[in-house]
Amino acid sequence: VRTGVLQTPFVSGGTGGRVECISWEGDLLWHVHYSTNEVQQHHDIEVLPNGHVLLIAWERISTDEEIALGRDPSTIGASLWPDHVVEFDTNTGGSPEIVWEWHVIDHLIQDFDSEKPNYGVVAEHPELIDFNYRDGPTGADWNHVNGIDYWEEEDLIVLSSRTFSELWVIDHSTTTEE
């Protein structure tokens with residue numbers, strides 16, 4: 001499996017956009033193109049035992065979305081591209097299809113705007129991500145996940161966030177809705 005860099009509106013370290021599986025004979029078995037004006041694959045991938053592939057990617061959210069999620073307006077830049085994980089079923093015989101997703105923006109807490117539904121005491125919710133956390137200057141690549149691994153026995157996904165200096169453990173057995 002190899003990755004390639006595609007043109008994108010957002011460029012940062014590790015930018016990719018295309019993942020290919022090539023046979024030992026050099027034949028293209030499948031490819032995933034995950035680079036648009038709204039999403040951008042980057043850094044690491046993980047091939048699952050069933051042949052599916054997990055990709056780390058950025059997704060663009062607007063300034064209005066940031067404010068709706070409780071972001072401190074004084075920290076808002078031109079754009080924000082938080083991470084998400086997508087799982088592609090590569091056994092489809094054609095173009096791989098997304099079968100599972102996990103998004104940073106679905107797991108946020110903030111203590112800036114009490115009118116927002118994700119308002120709370122950050123210290124009481126270590127399972128959530130502080131949407132107003134900053135460790136020095138941050139740009140569009142706010143949480144910078146750059147590693148992914150899969151623990152088959154427990155059906156867990158582990159992400160490393162460089163900006164947060166944390167490992168995030170995700171229960172892969174949950175549905176996208178959960």
Side-chain angles (χ1 to χ4, degrees), residues 3 5-19 32-46 54-88 98 100-150 156-172 174-178:
T3 61
V5 177
L6 299 174
Q7 294 297 323
T8 177
F10 176 61
V11 178
S12 187
T15 298
R18 182 177 173 98
V19 178
V32 171
H33 176 100
Y34 202 67
S35 177
T36 69
N37 287 333
E38 302 299 318
V39 298
Q40 177 63 51
Q41 179 270 331
H42 68 91
H43 283 90
D44 202 4
I45 67 165
E46 179 71 13
L54 296 171
L55 305 180
I56 300 169
W58 293 297
E59 63 183 323
R60 187 186 71 78
I61 65 170
S62 69
T63 300
D64 289 343
E65 289 172 296
E66 288 183 70
I67 291 170
L69 291 168
R71 185 84 162 184
D72 177 349
S74 71
T75 67
I76 293 176
S79 65
L80 188 68
W81 289 73
D83 282 297
H84 68 289
V85 176
V86 288
E87 177 181 348
F88 281 90
I98 295 175
W100 184 89
E101 302 178 45
W102 181 91
H103 299 261
V104 162
I105 62 170
D106 294 335
H107 304 276
L108 300 175
I109 189 166
Q110 52 83 27
D111 57 7
F112 176 77
D113 187 341
S114 62
E115 300 298 315
K116 305 298 185 225
N118 62 346
Y119 179 80
V121 178
V122 172
E124 293 177 2
H125 293 279
E127 77 281 8
L128 298 174
I129 301 163
D130 181 359
F131 196 35
N132 288 299
Y133 174 78
R134 293 172 58 92
D135 183 18
T138 60
D141 186 11
W142 167 59
N143 46 264
H144 195 89
V145 169
N146 60 3
I148 187 169
D149 201 1
Y150 178 69
L156 298 174
I157 297 167
V158 180
L159 302 174
S160 66
S161 171
R162 184 197 70 188
T163 306
F164 285 70
S165 297
E166 294 179 340
L167 295 175
W168 298 340
V169 180
I170 302 164
D171 184 352
H172 182 248
T174 59
T175 65
T176 299
E177 292 75 30
E178 291 174 310

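Separating the OG1 atom in Thr174 from the CH2 atom in Trp100 is a distance of 5.5 Å, to the nearest 0.5 Å. Atom-to-atom distance recorded for Asp141:CG and Thr163:OG1 is 6.0 Å, nearest 0.5 angstrom. Taken to the nearest 0.5 Å, the CG atom of Asp149 stands 5.0 Å off from the CD atom of Glu46. A distance of 4.5 Å separates CG in Leu54 from CD1 in Ile148, rounded to the nearest 0.5 Å. Atom-to-atom distance recorded for Leu156:CG and Asp171:CG is 6.0 Å, nearest 0.5 angstrom.
Among Lys116, Arg71, His107, the one residue that satisfies the side chain to side chain contact (heavy atoms under 4.5 Å, CB included) test with Phe131 is Arg71. Test Glu66, Arg60, Glu65 against Ser62 for side-chain hydrogen bond (donor to acceptor under 3.5 Å, both in side chains) and you get one pass: Glu65.
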Candidate pair Asn132 and Asp72, rule side-chain hydrogen bond (donor to acceptor under 3.5 Å, both in side chains), full reasoning:
CA-CA 6 Å; Asn132 288 299; Asp72 177 349; over 6 Å; no

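In terms of modelled atom types and a separation under 3.5 Å, the side chain of Asp44 and the main chain of Ile56 share no donor-acceptor contact.
In this structure, Trp58 and Asp83 have side chains that are in contact, with non-hydrogen atoms separated by less than 4.5 Å.
With sequence neighbours excluded, the residues satisfying side-chain contact (heavy atoms from CB on, under 4.5 Å) with Asn146 are His43, His144, Ser160, Arg162. Under the rule for a ring-ring contact (aromatic ring centres under 6.0 Å, His included), the partners of His103 that lie at least two apart in sequence or sit in another chain are His84.
Aromatic rings of Phe164 and Trp142 (six-membered ring for Trp) have centroids within the 6.0 Å cut-off, being under it.
In this structure, Ile105 and Pro82 approach most closely via the heavy-atom pair CG2-CG, 3.6 Å.
Listed by first then second residue, pairs satisfying salt bridge (Lys or Arg N to Asp or Glu O under 4.0 Å) with a partner in residues 119-132 number zero, not counting sequence neighbours.
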